[in-house]
Amino acid sequence: MAVRERVAVITGAASGIGRATALGLSRQGARVALCDLNAAALDGLAETIQRAGGQTRVVPLDVADQAQASSAMEGVVQAWGRLDVLVNAAGIARAGQTSRGPAGAIAEADWDRIMQVNLLGTVYCAQAAARQMIRQRSGRIVNIASIAGAVPRLNAAAYGVSKAGVRMFTKCLALELAQYGVTVNAVAPGPTDTPMLGRSREDGDDPQLREQMILGMPEIFRLGVPLGKLGTPEDVASAILYLASDEAHHVTGVIFNVDGMAQLS
Amino acid sequence: MPFTNKTVLITGAGSGIGRAAAETFARQGAQVAVADVSQRNADDTVQAIRQAGGQATAFVADVSQRSQVDTMVDAVQQTYGSVHILVNNAGIALPSMSLLDVDAATWERVLQVNLKSMLFCCQAVIPQMIAVGSGRIVNTASTAAKIPRWDIGPYCVSKAAVLHFTRCLAMELAQHQITVNAVGPGATVTNLRQNSGVPEAPGTAEARREGQLKGDMAIFRIGVPLGRLGGPQDQANAIVFLASDEASYISGQCLYVDGLQSQC
């Protein structure tokens, strides 16, 4: 299908990787539905896309609410007649006071919120999108995993477990949907220069943090980044755009690391 | 176009995945050095590219021989200048055999062609990339690098070695902003066996295809969940992405293009 006829839904579109992906898909000519919990933050992005001649709509969405996820996808299908690409970029680095800290001290509510948004949010949106993609016998789902879902990090058990769940969900759903010609893949960013980077740390947007992440810091990214720089949202979006393209129709169930080789195998 | 003024050297570019990659790079503006051990196959690819309006030149070399690699890379540089993108794609298949029966000559040959050729090509080309301050290397691995097969153990071992060669080299070259990645083709429709002088597996073509798709205890136990064999173009698309400017933060990775076979 010509790219300009495609319909894409991007969750977590207001910032970081979601935003870069929405802009990239729109530049390719896709119609993009922008979803975010913070819908007000989407207006500027929608304007940018429209000024550049792109078609877009804003969809307020808490991905952790299955009914909302379902009606968001249905709304897009009603408006535009199809759904070709779902990018599950919504995610949170922390919830409450305890999610960033020793695993033994994480409160149930904080644990649940991380799982609800990062893992179940991905599941709910994928379920709703898959219903339409199965009808179409085509579709692309791209999830955002993380290096933290493969390599253990201190004080990030909830986040890491949620992202490990995303990795396995990606593979299970890929196997299930293979018979319909729907592919399901994930990108796994390493340290990436997004607003989440600051939020992931108690000390916020510490300028030294970037340097430490690149060199390797025993308490977080033990290994550092051999390519010597943080990733950008656009670096990750490039891999998402490839996985969402017609050219990648034989690629499914893969976890594509975009991390400057921070994960060594 | 994305690869205008970029020189791409592709080994094994006379057929299959290498040829598809050569044609795709050429369509996107690259000048393509088409390397192959077969003059006829290299010429075929070059002719197809030129007829489509692209730029390509044939270079005949047995890349398992260091002296031939060095001569080839010198010739490429004289024709097109420094190599920006190296695609180490040349490889051979093996007749079905047990690891218990493999003789030293077969073992050495499969490692020589599938693995050591990559070392030779990299050693010859990387100084040019370091001088320029950037570069892309993409190696053709295989799903067989990750999943053991029953029938061609030495081939699986050679491709697993390619994966770790990819990672180690990526680590060394990260400081120079040169990325090194691999693609992992699953069952792909090419003439690899024929070009390697290896007889087809027993049975009709249709039965072999069914076996690959559904899973066959005598090959992979696992079939292709996506329900179709890959084509050379599928692999070429992945190679071209990994060689693009957009993939500058991706290194040391193997992108499996196998319809989910290696993930199950």
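Just so it is clear: chains get the letters A, B, ... in the order the sequence lines come, proteins before strands, and each one is counted from 1.
- Counting heavy atoms from C-beta outward, A/D259 and B/Q253 have side chains that approach closer than 4.5 Å.
- Contacts of A/V225 with chain B are made by side-chain atoms alone, with heavy-atom separations under 4.5 Å and no backbone atom involved.
- Residues B/Y256 and A/V251 share a closest heavy-atom pair of O-CG1, 3.7 Å.
- For the residue pair A/H250/B/D258, the side-chain donor-acceptor check at 3.5 Å is not satisfied.
- Interface residues of residues 169-176 of chain B toward chain A, defined by a heavy-atom distance below 4.5 Å and sorted by number: B/A170, B/M171, B/A174, B/Q175.
- Taking every heavy atom of both residues into account, B/P225 and A/A178 meet most closely at O-CB, 3.3 Å.
- If you measure heavy-atom distances from B/L242 to chain A, the contacts under 4.5 Å come from the side chain alone.
- If you tally non-hydrogen atom pairs under 4.5 Å between each of A/L230, A/T232, A/V236, A/I255 and chain B, the highest count goes to A/L230.
- Within the 3.5 Å criterion, the main-chain N or O of A/G231 finds a donor-acceptor partner in the side chain of B/Y249.
- Pairing each heavy atom of A/K171 with each of B/Q263, the nearest pair is NZ-OE1, 2.8 Å.
- For B/Y155, there are no ring-ring contact (aromatic ring centres under 6.0 Å, His included) partners two or more places apart in sequence or in a different chain.
- Contacts between B/L255 and chain A at a heavy-atom distance below 4.5 Å involve the side chain alone, from C-beta outward.
- Rounding to the nearest 0.5 Å gives a distance of 7.0 Å between CG of B/N237 and OG of A/S245.
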Please evaluate residues B/Q233 and A/H249 with respect to the criterion side chain to side chain contact (heavy atoms under 4.5 Å, CB included), reporting the C-alpha separation (whole Å), side-chain torsions for both, the decisive distance (0.1 Å), and the verdict.
CA-CA 11 Å; B/Q233 189 64 50; A/H249 79 151; over 6 Å; no

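- Counting only distance, with no hydrogens or angles, the side chain of B/Q177 and the backbone of A/L227 share a donor-acceptor pair below 3.5 Å.
- For chain B, the nearby part of A/Q179 is the backbone; its heavy atoms alone come within less than 4.5 Å.
- With a threshold of 4.5 angstrom between heavy atoms, B/A238 approaches chain A through its backbone and through its side chain.
- Rounding to the nearest 0.5 angstrom, the gap separating the OG1 atom in A/T183 from the CG atom in B/L226 is 7.5 Å.
- Although no hydrogens or angles enter the test, the distance criterion places no donor-acceptor pair under 3.5 Å between the side chain of A/Y242 and the main chain of B/A247.
- Going from atom CG of B/L260 over to atom CG of A/L175 covers 5.5 Å, rounded to the nearest 0.5 Å.
- B/S248 approaches A/D235 most closely through the heavy-atom pair OG-OD1, 3.8 Å.
- For the set B/Q261, B/Q235, B/R228, the entry with the most heavy-atom pairs within less than 4.5 Å of chain A is B/R228.
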